[in-house]
Novice: 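Got a structure for you, written out below as structure tokens; questions coming shortly.
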Protein chains: 2
Amino acid sequence: MTRQERRRQTEERILGAARALFAEVGYERATIRGVAAAAGVDPALVMQYFGAKDELFRRAIHAPGEQPLEIAPERLADLLLEAIRFKLGETDDGSLALFRSMLTHPDAAEHFRTATARQVREFATGIPRPDGELRASLLVAISMGLTIARELLRLEPLQEATPEQIVDLLRPAFQSLSASG
Amino acid sequence: MTRQERRRQTEERILGAARALFAEVGYERATIRGVAAAAGVDPALVMQYFGAKDELFRRAIHAPGEQPLEIAPERLADLLLEAIRFKLGETDDGSLALFRSMLTHPDAAEHFRTATARQVREFATGIPRPDGELRASLLVAISMGLTIARELLRLEPLQEATPEQIVDLLRPAFQSLSASG
DNA sequence: GTCTATAAGCAGATAGAC
DNA sequence: GTCTATCTGCTTATAGAC
């Protein structure tokens, strides 16, 4: 194994530890020292690799690549529900880190706002109505609320329910919001 | 004006400043110094009155008293929508402070969980079904997501819309979730 | 009663030894 | 290349002067 490979490997380990810790306690309470300890490396090494805590966080929340959905109107509700069903229970740490910190860390809030704005515009193309963007925003807000309540706050009834149960109950709500006519 | 009155008045001013600051930046980033500056008093005075930062936060999020709703089944959806319509745009700083910090401050998370559990049980009495608690949880999660998205993250389409517009769009969703049979 | 001064602790970041 | 030691800054909290 070359030096470059080794370096890349430890960098990935640090990034994974950072993602997990940011997801668990948020930006403020997560410390470089804590990340280093979780990754089994020296705190100075983390700084060496990532330069600053901000940069580490930026890298941690950078999702592995969310490909935009092709949206056929009349299908939007089902697509969203399917995405929710898939994500519930196995949301990646990068997304959770972003959710966890977005209310208290300005950079995280900004990142979420721009990512959401793009998603809203995308969804809105599937809702050809004057208030399409508002409807899309509501769909996003509902999905976000659900993830926060279940994965971050761990509200009991939501955590015990299966993704299928939840999706079934939400279907009428999503259909009414994404109805194209 | 007696000493006691004066003291009570400054205490209220500090508490108001604390509520506003906690609501704006969350528990971690809000400092005693910042609260004191906003209230126009000495930082040491804040400590004198409230003892510790935790206690100040505890007092700040203690809502002025939310009376439990009497729930007639078949009316739950309308009651909730009315509550949302009323709250949107004028959510009190105490609630916002709690929302802002609940993802990153363990005490706030715990407070929210217990308050929510009570609310869920309450709503569930209006949904006489085996999955009543799950449905009630979804209603709470949706309301929470909406408040967070609009008041805290300030997502544009949601902030520009009127409460009436939002409530109208959500009505079918709430009715399907709270349908009693 | 109110404020000044300071203690004590922990954070991120840096310089330099090995 | 990796780690030790340290610097600087900020926080809560306290002790004591006025």
Side-chain angles (χ1 to χ4, degrees), chain A residues 1-61 97 100-101 103-108, chain B residues 1-61 97 100-101 103-108:
Chain A
M1 191 187 302
T2 70
R3 275 196 308 277
Q4 236 181 2
E5 283 172 339
R6 286 185 63 84
R7 183 195 153 113
R8 204 181 141 63
Q9 206 173 354
T10 41
E11 193 173 317
E12 270 308 312
R13 201 169 71 245
I14 292 172
L15 208 49
R19 262 192 268 265
L21 195 56
F22 282 135
E24 192 187 339
V25 301
Y27 181 83
E28 300 290 338
R29 290 180 125 88
T31 64
I32 300 278
R33 287 163 163 83
V35 170
V41 302
D42 192 272
L45 199 64
V46 179
M47 295 301 295
Q48 187 76 323
Y49 282 4
F50 296 91
K53 189 183 177 184
D54 304 47
E55 186 62 18
L56 179 60
F57 182 73
R58 209 182 59 76
R59 295 276 303 276
I61 63 175
R100 178 75 77 185
S101 302
L103 299 186
T104 45
H105 185 49
D107 290 359
Chain B
M1 190 186 304
T2 71
R3 273 198 309 278
Q4 236 181 1
E5 283 172 339
R6 285 185 63 84
R7 182 193 153 113
R8 206 182 139 62
Q9 207 173 354
T10 41
E11 194 174 317
E12 270 308 313
R13 200 170 71 245
I14 292 171
L15 207 49
R19 261 192 267 266
L21 194 57
F22 281 135
E24 191 187 342
V25 301
Y27 181 84
E28 301 290 339
R29 290 181 126 88
T31 65
I32 300 278
R33 288 163 160 81
V35 171
V41 301
D42 192 274
L45 199 64
V46 179
M47 297 300 295
Q48 187 77 323
Y49 282 4
F50 296 91
K53 188 183 176 183
D54 303 47
E55 185 63 18
L56 179 59
F57 183 72
R58 210 182 59 77
R59 295 276 303 275
I61 63 174
R100 177 76 76 186
S101 301
L103 300 185
T104 45
H105 185 48
D107 290 0

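Given the structure is predicted, the values throughout are model-derived calculations rather than measurements. Keep in mind that the numbers below use all heavy atoms, side chains included, and drop hydrogens, waters and symmetry copies. Residue numbers start from 1 in every chain, and the chains themselves are labelled A, B, ... in the order their sequence lines are given, proteins ahead of strands.
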Novice: Between atom CZ of Arg8(A) and atom CD of Gln4(A), what is the distance when rounded to the nearest 0.5 Å?
Specialist: 9.5 Å
Novice: Hey, which of these two, Ala52(B) or Arg6(A), hits DNA chain D nearer its 5' end, going by closest nucleotide?
Specialist: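 Nearest nucleotide further toward 5': that of Arg6(A).
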Novice: Take the protein atom CD of Glu55(B) and the nucleotide atom C1' of dA13(D), then report the distance between them rounded to whole Å.
Specialist: 15 Å
Novice: Give, for atom OH of Tyr49(A) and atom CG of Leu56(A), the distance between the pair rounded to the nearest 0.5 Å.
Specialist: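 Interatomic distance, Tyr49(A) OH to Leu56(A) CG, rounded to 0.5 Å: 13.0 Å.
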Novice: Could you check Ile14(B), Val46(B), Leu45(B) and say which one makes a side chain to side chain contact (heavy atoms under 4.5 Å, CB included) with Ile32(B)?
Specialist: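 The residue from Ile14(B), Val46(B), Leu45(B) that satisfies side chain to side chain contact (heavy atoms under 4.5 Å, CB included) with Ile32(B) turns out to be Val46(B).
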Novice: Look at all strands and tell whether Tyr49(A) reaches a base, only sugar-phosphate, or nothing, counting heavy atoms closer than 4.0 Å.
Specialist: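 Tyr49(A): backbone/sugar contact only, no base atoms under 4.0 Å.
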Novice: Any idea which heavy atoms bring Ala17(B) and Val35(B) closest together, and the distance?
Specialist: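 For Ala17(B) and Val35(B), the tightest heavy-atom pair comes out as CB-O, 3.9 Å.
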Novice: Using atom types as modelled and distance alone, determine if a side-chain donor or acceptor of Arg100(A) lies under 3.5 Å from a backbone N or O of Leu103(B).
Specialist: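 Judged by distance alone, yes, a pair lies under 3.5 Å.
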Novice: Identify, residue by residue, the members of residues 32-44 of chain A with a heavy atom below 4.0 Å from DNA chain C, and return them in order of residue number, or none.
Specialist: Ile32(A), Arg33(A)
Novice: Is the ring pair Phe22(B)/Tyr27(B) parallel, tilted or perpendicular, if the boundaries are 30 and 60 degrees?
Specialist: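 Taking Tyr27(B) first and then Phe22(B), their aromatic rings lie parallel (interplane angle under 30°).
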Novice: In residues 8-18 of chain A, which residues come under 4.0 Å of DNA chain D by heavy atom?
Specialist: none
Novice: For the residue pair Gly26(B) and Thr104(A), what are the closest heavy atoms and their distance?
Specialist: CA-CG2, 4.2 Å
Novice: Could you grab the distance from atom CD of Gln48(A) to atom OG1 of Thr10(A), nearest 0.5 Å is fine?
Specialist: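 Spacing of CD (Gln48(A)) from OG1 (Thr10(A)) equals 11.5 Å.
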Novice: How long is the line joining CE of Met47(A) and C1' of dC7(D), in whole Å?
Specialist: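 Going from Met47(A) (CE) to dC7(D) (C1'), I get 13 Å.
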Novice: So where does chain B start and stop touching DNA chain C, 5' to 3', when the test is distance under 4.0 Å to a non-hydrogen atom?
Specialist: dG1(C) to dT4(C)
Novice: Quick one: do Arg58(A) and Glu55(A) make a salt bridge, cutoff under 4.0 Å?
Specialist: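 The answer is yes: the pair qualifies as a salt bridge.
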Novice: Taking the side chain as C-beta and beyond, is there a heavy-atom pair between Leu15(B) and Phe50(B) under 4.5 Å?
Specialist: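 Side-chain contact under 4.5 Å: yes.
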